[in-house]
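Okay, structure first, notes after.
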Amino acid sequence: MSGINRSLQTIAALVENRAGVLARVSDLFARRGYNIHSLTVAPTPDPAFSRITIVVNVDSAPLEQVVKQLFKLVNVVEIEELIHEAAYERELLIAVVNVATNKPELMSLITNLNGNVLTDSDSQLAFSVEANPSQINQLEKQLEGFDIISQQRSGRIAAPKIGVTVPKTTAKA
Amino acid sequence: MTTEKISEKRINGAQAVIKSLEMEGVEVIFGYPGGAILPVYDPLIDTPIRHILVRHEQGAGHMAEGYAHATGKPGVCMVTSGPAATNVVTALADAYLDSVPMVCITGQVALPNIGTDAFQEVDTTGITRSITKHNYLVTKAEDIPRIIHEAFHIATTGRPGPVLVDIPKSIVAANNPDAHFDWYYPDTIDLPGYNPEFEINVEQINQAVEMLLEAERPVLYVGGGVLKARAAEVLLELAELGDIPVVTTLMARGAFPDSHELCLGMPGMHGNYTAITAIQKSDLLIAMGSRFDDRVTGKVDAFAPEAKVVHVDIDPAEHGKIRAPELAIAGDCNDVMKAIVAKIVSDSAKFADHTAWRDTIRGWQERYPLVYEQSEEGEYLKPQFVIEQIAQSCPADTIVTAGVGQHQMWASQFWKFDHPYTWINSGGLGTMGFSIPAAIGAKAAMPDRMVWAIDGDGCFQMTAQELITAAVDKIPVKVALINNAYLGMVRQWQELFYDERYSEVHFGYDVPDYVKWSESMGCAAFKVDKIDDVRSTIDKANAINDRPVVIDFRCLSSEKVYPMVVAGGPNDDVIVHPSQAEEN
């Protein structure tokens, strides 16, 4: 797939859902000079644990070191390395745009990516798109010519593809 | 969690802290009371645990470290919130960088006041997050036994390190009904993200043995991890079995006897020529619990250029952090070396012939021994001579601590260590003022052993007040003050690299008057400025056992530490002692 940035690698850490765990993770990245591109965190179905998905710039440090240092945190239970080919990668973009005669052009961008129109008023369009990160990158470029009121992206989450075994560091027996 | 009911007795949080420390086998707490920790100091009166009242919280931390270095058991310190917590930060960082097992208990403002900028409130867990192995903010009294149990487990297993437990005043307050609970003590640990155990991987052991047998110029590069693993015995066995020369880093002095013919001494910036050069010329470097510190490697790209590396460390994150090893083994140095020795013995395996290698090494040793020149008549003393004289007049198992700077390097170079756990210093953080409190911690742990602190005048002025602690608590340590009137190591760098422009490094010999100051703190004290008085004064000090002793040794300011490798420079460029350089 074109547009893949090899400097950005995704890791997913299963962590204990305790106060201060996110601070421990972000502190570690800051202290060791690892660059975070995006970071998302949410509880897992088991409320004792959360999953933190981090896109790290591996030009700042080898991924192996990042994983090993992160795994030293007592609250980090498991880390999966999710290279592009091995993972489903998804990101959400929400935007509100002023539209006029260019509305059909915007609608086709949204439809092409199976996006959802959230509000459709005469002069404004609110929509969301869920797609892989390079598609979201491309969409952001295409939106540059529009009159955008607000635009946000969620940061990446990822999961291993069916039938693919990804490298895993785990404290589980 | 399965819990063992000790009794149905209700207990308050403060009692639970002390009782938990008792359950962990704590013998000594180094501490300092204050507002937020006050409730915990009340039940302390009723416990058999000894409390040593320090004069500054940093001292409590370093004493706990000294205790841990000497015994291998976790050191414990306890201080209050705010400025007390920030004062102990230096010791926590020191323990973190040198992997010292330690549990630090800090008081915190009452739970409802957290986040309000209350009196003596700081974000202690936030401040110490990157300098502790783990830390806790306790939010419920009934969590105290579990958290203290976990803290000791984490501090002492895997790669050891400091763990901090921050306890708000409200959950230890005897008058808070919510701070009472039915006493229990956990007999299991539930830490799903923490598994410090490594199983021996037979494939890796076989591969390590194969590499060892093939090597023609092997060197065992031994670091502090060998001492943490209490692995000195099997190290000796492995070195002798394979006829393998050993270098011991600053953190590992004593892990292998200096008097052994295979011992090459300390490598690194102020290591000796042979230890540095043997690594440079080796074809196999067995890094055993060492971490390729920049003070050892110099310029990394030029470090041991011909060597394959086998890196054994209990912390896998050390593998490849600085130097990519050909073989990385994650595990306890003791377990791994035992497995290697067992494999060699059971195979009756034969090593390559190291005769030529040993001859080459012997040539370097003969040409470039550690040397100094005795001072001239009427001059002040040479620090190396003072340290040698102390070493020669003390029992072989004497514990030696050092501060940071020239005196630390001379102590490491000129004291001959033949026993493990006799050398205690601040390697990673390089904390000036470490030696006196560390010596007190070690002596508190081992009252029957002689303990000498080799200190500099800069270091002494940072933590000397702990000698009051030592005098009052009857912990008779001995301090050799290498008084050269300067911040000597800084002066050395200014002489060599800043055109002898001495900026802010002069302390002077006479202010303070070290003898009067020491005497006022309850110590015996002497001043020595003549060669002839050195030995007799040391003997006098060694005979005093009812109070601390300080000897102000007047030493030459101009003396420099040799050999030296310039910071960041290649280890092939060793600056040897000027008397040896001429022979080149």
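A note on names: the letters A, B, ... follow the listed sequences, proteins ahead of strands, and every chain is numbered from 1. Both backbone and side-chain heavy atoms feed into the values below; hydrogens, waters and symmetry mates do not.
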Atom pair CZ (B/F198) and CG (B/D332), whose distance is rounded to the nearest 0.5 Å: 10.0 Å
Separation between CD of B/Q108 and CD of B/E121, rounded to the nearest 0.5 Å: 5.5 Å
Region of B/N135 that comes under 4.5 Å of a non-hydrogen atom in chain A: both
Per-residue contact mode, A/V76 against chain B (heavy atom under 4.5 angstrom): backbone
Per-residue contact mode, A/L73 against chain B (heavy atom under 4.5 angstrom):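 The backbone, not the side chain.
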Any A/I136 side-chain heavy atom under 4.5 Å of A/V129 side chain: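 Heavy-atom side-chain distance check passes, below 4.5 Å.
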Within the 6.0 Å centroid threshold, strictly below: B/F292 and B/H311: yes
Electrostatic pair A/E85:A/R6 at N-O distance under 4.0 angstrom: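 Salt bridge flag = yes for A/R6 with A/E85.
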Heavy-atom pair count under 4.5 Å with chain A, highest-scoring of B/K133, B/K321, B/R159: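 When all of B/K133, B/K321, B/R159 are compared, B/K321 has the most.
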Pairs of heavy atoms under 4.5 Å with chain B: top-ranked of A/Q69, A/Q65, A/R31: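 The answer is A/Q65.
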